[in-house]
There are 2 protein chains.
Amino acid sequence: MVKITDVARRAGVSPSTVSYALSGKRPISEETRQRVEDAIRELGYRPHAGARALAGRRSNVLALVVPLRAGIHVPTVMRFAVSVVTTARRHDHDVLLLTQEEGVDGLTRVAETALVDALIVMDVQLDDPRLPLLRNLELPSVLIGLPAASEGLTCVDLDFRAAAEACVEHLARLGHRSVALVGSPPEVYVRRTAFAQRVVQGFTDAADRSGMSSSVHPCEPGAARGVAEQLLREQPALTGVVVHNEALLGPLLDAFEHLGLRVPADLSLTAICPDELAESVRVPITSVALPSAEVGERAVELLMKKLAGTAVPEATLLPPWMTERASTGRRTVS
Amino acid sequence: MVKITDVARRAGVSPSTVSYALSGKRPISEETRQRVEDAIRELGYRPHAGARALAGRRSNVLALVVPLRAGIHVPTVMRFAVSVVTTARRHDHDVLLLTQEEGVDGLTRVAETALVDALIVMDVQLDDPRLPLLRNLELPSVLIGLPAASEGLTCVDLDFRAAAEACVEHLARLGHRSVALVGSPPEVYVRRTAFAQRVVQGFTDAADRSGMSSSVHPCEPGAARGVAEQLLREQPALTGVVVHNEALLGPLLDAFEHLGLRVPADLSLTAICPDELAESVRVPITSVALPSAEVGERAVELLMKKLAGTAVPEATLLPPWMTERASTGRRTVS
DNA sequence: TTCCTTCGTCGAAGCGCTTCGACAGGGGTC
DNA sequence: GACCCCTGTCGAAGCGCTTCGACGAAGGAA
């Protein structure tokens, strides 16, 4: 193994100079830096991560808690995760994968062993049991998701409330008077997952404000047909549906068609989901984008700022961005 | 931060004794061990990961390369990943998440900086460009997937060839004479992804051996209806289908029904996919299980053996395990 | 000219842990 | 009784890196 002293010898300088040349923490003459870089290249030197972590008190590793619980949409979660990894690499950090199972203990462990410098936590509940821990930990952390009380924390997320409102208001503008929300599976609400709850709030409030009749339906994957039938039965005047359930978008479209409803002629559909998904189904869906890549990126960048000692806002809510596609149209009064 | 010397002082022993009590690498009297453990508990001691890695030449971290390329089924991949993380934790290891993007460089980097002790690589191609690297690296590695040449490597996977054969033979036993394989998206074959290729081989060979007529159809997600129509048009005698594409299982079932075919009365369906999936669709599918959890577990266990210096087999192929469900039946001669 | 900075570099002291060699004491064995 | 070999413990020497204080040289201010 080639180490810093080897590089130093080859470049004709001291190890500390190599270190400073690498970190830039003290001025080094251009000529010396060049010699050091050459030596590094020639020898194929790579600093030892453990030694670095020990001496520098920084491991350059972030922990990411990936939620893989019942009811979540795995591909969507992985979009966040990939964005986090990619952005972390841009900032010269690696990402340690923790599963939800490990829970509070896992977070404590990686924090206290100094395995990681910082934490990113996904799938936040309104009253998440991990919040006290995160507040007390000496390590900086960022939540992807907005709990009920964000004091003393740092959170990033899409403004789901505004997203749901945007969907409803879009339907209202098109003349719809009766709308329904097809949501995530029931267990997601039982856990009081923050984003799901906010969508319900935004949806209901906006519908009330617009004087629309509305209903909310948590929905299992695979239950598309059942929900569709139920909707038509219980809410015969229904002409607008907001879908907040990635797995159901396609099936729901099929189910409505199967029941003889044309989208958007008889029924307008909007969704909150990744743009790619909205574009890839049979009838492209008017949707508020779920900007996973941007959220992941922001999370890492906020963390980097905190690591650098900069103050950051407690909550960063990305404004909803709606794209009109083929699935929504004016209500046709029959 | 509480360190080993604090524990040593409190327990009235030397730091080395604490270390040995913890690692068990030298005999320690029961009484001393107890005092050390008490001290650890009372002080809340956690060994510093970096220091440990530096002195012990082991980081207790594994790298996992997670494939998130076009055409892969994310939930299936994550089943492997979760199993790897869970098993790794049981062996007191953590898992560093690498994306495919990082490629060969990423593997080299984490290996040479001693950030990780070992590597697990998924989504292996028959002629994977990472193989030479893995062969030369001083770090042990395990592939999830079986490349064309496995000499000098360690690989675990379901025996996909045998799995495909089992599906075909099952259909043959039921009297079917004309079968089709609905496979992964085309890009998966273009990349020469190992498991996909082996399924095709196994399927074709078994069909030939049984004297059945057969055809193979790579298939995009969302193209279910198109493929179904094409199959009926081009292969009118078709009565048996093998599906090797998680995303398509449900849609394909719907598509055949839509075309007026009853499963299994008119058409028998078998699949290679996780059992959960096979059970959760409308008509439970006779399937060969994709034992993600077991494969992930085996991968980690093989790695642990290699880290311990034990020799392990180059290829571990798990035998296929078929479960008959409602989707297959005898061919009804009409 | 003298004094004070700033720039560029070096040496040494750790960071917190593991591990090696040494050694005291307590049995066995012959 | 002499010898040897375990068992259980300690002290010290690193592991490879960062960082702090120091210092010579060069440049500016007075």
All side-chain contact (heavy atoms from CB on, under 4.5 Å) counterparts of A:T17, not counting sequence neighbours: A:V13, A:S14, A:I28, A:T32
Among residues two or more places apart or on two chains, list those pairs meeting side-chain hydrogen bond (donor to acceptor under 3.5 Å, both in side chains) that have a residue in residues 121-134 of chain B. B:R69-B:D123, B:R69-B:Q125, B:D128-B:R130
Using chain B heavy atoms and a threshold of under 4.0 Å, write down where along DNA chain C the contacts begin and end, 5' to 3'. C:dG16 to C:dA22
Grab the CZ-P distance between B:R9 and D:dC10 for me, whole Å please. 14 Å
Is the shortest side-chain heavy-atom distance between B:L54 and A:H48 below 4.5 Å? yes
Bend angle of the helix from C:dT1-D:dA30 to C:dC30-D:dG1, end axes from five pairs each (to 10°): 30°
Kindly write out the residues that satisfy side-chain contact (heavy atoms from CB on, under 4.5 Å) with A:P75, not counting sequence neighbours, or none if the list is empty. A:H73, B:V74, B:P75
Less than 4.5 Å apart, side chain to side chain, heavy atoms only: is that true for A:N60 and A:D94? no
Minimal heavy-atom distance between A:P147 and A:L126, with the atoms involved, is CB-O, 3.5 Å
Roughly how far, to the nearest 0.5 Å, is OG1 of B:T5 from NZ of B:K3? 5.5 Å
With sequence neighbours excluded, what pairs up with B:F160 under the ring-ring contact (aromatic ring centres under 6.0 Å, His included) test? B:F195, B:H244
Does any non-hydrogen side-chain atom of A:E31 lie less than 4.5 Å from one of A:Q34? no
Would you mind reporting whether A:V66 and A:Q100 have side-chain heavy atoms less than 4.5 Å apart? no
salt_bridge(A:R191, A:E187) N-O dist < 4.0 Å: no
Within residues 142-157 of chain B or reaching into it, pairs that qualify as side-chain hydrogen bond (donor to acceptor under 3.5 Å, both in side chains) - sequence neighbours excluded: B:T154-B:K306
Strand contacts (DNA chain D) in residues 53-61 of chain B, 4.0 angstrom heavy-atom criterion: B:L54, B:A55, B:R57
Residues in residues 35-44 of chain B with a heavy atom under 4.0 Å of DNA chain D, by number, are none
Side-chain heavy atoms of B:R109 within contact of A:R89, under 4.5 Å: yes
Under 3.5 Å, which protein N or O atoms sit close to an N or O of nucleotides 25-28 of chain D? Give each pair with its distance.
none

Report yes or no: does B:S83 contribute a side-chain atom to a donor-acceptor pair with the main-chain N or O of B:A293 at less than 3.5 Å? yes
To the nearest 0.5 Å, atom CG of A:L64 lies from atom OG1 of A:T99 at 11.0 Å
Residues of residues 22-32 of chain A with a heavy atom under 4.0 Å from any atom of DNA chain C, listed by number, are A:R26, A:P27, A:I28, A:S29, A:T32
Are any non-hydrogen side-chain atoms of B:R46 and A:T108 less than 4.5 angstrom apart? yes
Could you list the residues that satisfy side-chain contact (heavy atoms from CB on, under 4.5 Å) with B:R10, not counting sequence neighbours? B:A39, B:E42, B:L43
